[in-house]
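The structure under discussion appears below in the form of structure tokens.
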Amino acid sequence: MQARTMKKEYRFSAVIVFAILFLGGYILYQVQYKTGIDIIPLFPIDDSGFEKYNEQLLKSVKVSESARNQPKSGSLLCWAMTTSIYHKTRVPAITETWLKRCDAGHLFTNSDRFLNVSTPYHTVFDGLPESYYKLFWKTRLALLYIYKYISKDFDWYFKGDDDTYLIVENLQRYLSTLDPNKPYFIGYRLSRRTETGYNAGGSGYVMSREAMRIFAEQLFNDKNRCPYHEWEDYAIAQCLASVGIVPLDSRDEKGRQRFLPWRPEQHYYADLTRSFQMDPIKIRGAAIYHENLISMHHLYPDEIRLIDGLLYSIARGIWKQDDEFEVRNETTTLATSMDDTLPPPTV
């Protein structure tokens with residue numbers, strides 16, 4: 001009886017030890033993927049995507065009629081990443097609002113499900129894994145696809161997400177002060193695990209024509225200079241930094257951020273992870289919504305439509321009414337002035 005009890009206790013203890021080892025290994029494995037550091041040599045960082053997710057996949061991309069009809073040159077090409085689960089929700093919100101205001105607007109996704117020919121989509125991500133940890137492979141392939149299969153003749157290329165809102169006119173005005181023939185990389189700068197910084201992917205970042213050329217022609221196939229990392233935005237930045245292209249300080253002359261990668265209310269209350277920040281947090285409250293603001297992130301589709309309506313319908317209507325009021329006021333003032341100065345009519 002005692003031997004049988006000891007045997008059960010041994011089995012129970014073995015199960016506990018196995019569970020602890022399994023849980024510990026899983027936690028370390030997750031930490032490894034979140035930091036990009038080889039903590040467990042037995043589970044090396046998976047960089048097989050360099051062989052699996054290459055240019056061969058781009059030969060079977062489905063392209064909509066709307067995408068084919070987009071301009072092939074101009075000042076600004078915008079592209080947004082999405083996936084089929086958001087084709088009915090997020091996609092209409094951005095295609096009906098900011099994406100169409102760019103000189104060319106393209107949507108990159110994994111399938112054509114629930115999309116019609118009026119949506120400018122490309123199934124660039126068909127065959128790629130649907131995982132946050134694998135976003136690097138999507139972005140890497142998308143940048144090459146744009147340069148080789150869409151156009152290399154735009155001045156600037158903006159990358160956004162399907163929950164990003166972009167004020168296109170503000171971006172264009174800001175970019176007009178810079179030379180696209182120089183290798184620029186522009187967005188909201190973060191500093192975690194890097195001295196040169198990286199641009200947050202969610203609020204979008206911009207690459208100049210020259211930066212796109214360097215990435216496509218020199219860096220795409222370079223596994224050493226562009227290694228895999230679970231943080232897509234960090235990985236792209238490190239790739240560009242390997243040839244001296246580092247994030248530009250995009251704050252305006254008052255030190256206000258032009259790109260907002262967290263929820264608007266988090267920026268409003270300065271509720272931000274300070275260890276991530278490259279620039280000191282000095283602006284909060286209503287001052288984050290300023291005349292040079294370019295983009296916001298983590299927005300619901302209805303919020304995107306609301307912001308668009310406030311900017312382009314209500315505000316425009318107010319400005320128009322103000323202009324008309326000023327014209328009427330000036331006319332009335334002029335008429336009154338003329339009445340005061342003109343001599344009486346002769347009889």
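When a residue number appears, it is its place in the shown sequence, counting from 1.
Scanning for salt bridge (charged side-chain N to carboxylate O under 4.0 Å, His left out) contacts around K100 gives an empty result, with sequence neighbours left out.
Between F158 and Y205, the ring centre distance reaches or exceeds 6.0 Å. Aromatic rings of Y145 and H122 (six-membered ring for Trp) have centroids within the 6.0 Å cut-off, being under it.
Both I307 and Y289 are part of a single hydrophobic cluster, where members link through side-chain heavy atoms under 4.5 Å apart. Placement of F114 and Y121 in two distinct hydrophobic clusters is found when ILVMFWY residues are connected by side-chain heavy-atom separations under 4.5 Å, directly or transitively. Follow the hydrophobic side-chain contacts under 4.5 Å out from L141 and you reach M212 in the same cluster. Y300 and L310 end up in different hydrophobic clusters when Ile, Leu, Val, Met, Phe, Trp and Tyr side chains are linked at under 4.5 Å. Tracing side-chain contacts under 4.5 Å through hydrophobic residues (I, L, V, M, F, W, Y), one never reaches V246 starting from I236; they form parts of separate clusters.
With salt bridges taken as basic N to acidic carboxylate O contacts below 4.0 Å, one links D161 and K159. The residues K148 and E55 are annotated as salt-bridged, a charged nitrogen and a carboxylate oxygen being separated by less than 4.0 angstrom. With respect to the salt-bridge test (charged N to carboxylate O, under 4.0 angstrom), the residues K152 and E217 do not qualify. Checked for salt-bridge contact, E96 and R305 meet the test: a charged N lies under 4.0 Å from a carboxylate O. In summary, D252 and K254 do not engage in a salt bridge, as defined by a charged side-chain N under 4.0 Å from a carboxylate O. Ion pairing of R209 with D179 is absent here, as no side-chain N (NZ or NE/NH1/NH2) approaches a carboxylate O to less than 4.0 Å.
Grouped with Y86 in one hydrophobic cluster are I85, the linkage being side-chain heavy-atom contacts under 4.5 Å among Ile, Leu, Val, Met, Phe, Trp and Tyr residues.
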Take C102 and L166 through the test side-chain contact (heavy atoms from CB on, under 4.5 Å) and record every step on the way to the result. CA-CA 10 Å; C102 303; L166 174 68; 4.2 Å; yes

Would L260 and S203 satisfy side-chain contact (heavy atoms from CB on, under 4.5 Å), going step by step from the backbone distance to the final call? CA-CA 6 Å; L260 304 181; S203 53; 5.5 Å; no

Show, in sequence, the C-alpha distance, side-chain angles and deciding distance for D308 and Y165, and conclude whether the side chain to side chain donor-acceptor pair (under 3.5 Å) test is met. CA-CA 9 Å; D308 200 73; Y165 186 82; 2.6 Å; yes

Could you walk me through whether S191 and Q277 satisfy the side chain to side chain donor-acceptor pair (under 3.5 Å) test, starting with their C-alpha distance in whole Å, then the side-chain angles of each, then the deciding distance to 0.1 Å, before giving a yes or no? CA-CA 6 Å; S191 64; Q277 308 303 313; over 6 Å; no

Verdict with supporting geometry, E169 and Y312, side chain to side chain donor-acceptor pair (under 3.5 Å): CA-CA 11 Å; E169 294 83 355; Y312 294 93; 2.5 Å; yes

Using the rule given for side-chain contact (heavy atoms from CB on, under 4.5 Å), can you reason through C239 versus F215, listing the C-alpha separation, both sets of side-chain angles and the distance that settles it, and then say yes or no? CA-CA 8 Å; C239 177; F215 178 85; 3.8 Å; yes

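Ring orientation note: the planes of Y228 and W137 are close to parallel, at an angle under 30° on the 30°/60° scale.
Considering every non-hydrogen atom in both L58 and Y149, the closest pair reads CD1-CE1, 3.7 Å.
Put simply, the residue from T82, T89, T109 that forms a side chain to side chain donor-acceptor pair (under 3.5 Å) with D162 is T82.
Cation-pi contact between R284 and Y268: absent, since separation from the ring centre below 6.0 Å together with deviation from the ring axis within 45° is not met.
Between W262 and L272, the closest side-chain pair of non-hydrogen atoms falls below 4.5 Å. Contact check for Y174 versus R258: side-chain heavy atoms found under the 4.5 Å cut-off. For the pair L76/L171, a side-chain contact is recorded, criterion being any heavy-atom separation below 4.5 Å from C-beta on. By the 4.5 Å heavy-atom criterion applied to side chains, D103 and Q172 are counted as neighbours.
The distance from the OH atom of Y234 to the OH atom of Y198 is 8.5 Å, given to the nearest 0.5 Å. Once rounded to the nearest 0.5 Å, the distance linking NZ of K182 with CG of L248 reads 11.5 Å. Atoms CD1 and OH, on I294 and Y188 in that order, are 14.0 Å from each other to the nearest 0.5 Å. In this structure, L128 CG and K52 NZ are separated by 9.5 Å, a value rounded to the nearest 0.5 Å. Annotation: the span from C78 atom SG to I94 atom CD1 amounts to 10.0 Å, rounded to 0.5 Å. Between the CD1 atom in I146 and the OH atom in Y157 there is a gap of 8.0 Å [rounded to 0.5 Å].
The number of heavy-atom neighbours closer than 6.0 Å to CZ of R316, taken from other residues, nucleotides and ligands shown, is 12 or below. For R113, the CZ atom is loosely surrounded, since the number of other residues' heavy atoms within 6.0 Å does not exceed 12. Within 6.0 Å of CG on N116 lie more than 12 heavy atoms contributed by other residues, nucleotides or ligands. Atom CD of E195 is surrounded by 12 or fewer heavy atoms from other residues, nucleotides or ligands within 6.0 Å.
Counted by atom type alone, S275 and T273 present zero donor-acceptor pairs between their side chains at under 3.5 Å.
For residues 66-78, there are no side chain to side chain donor-acceptor pair (under 3.5 Å) pairs, not counting sequence neighbours.
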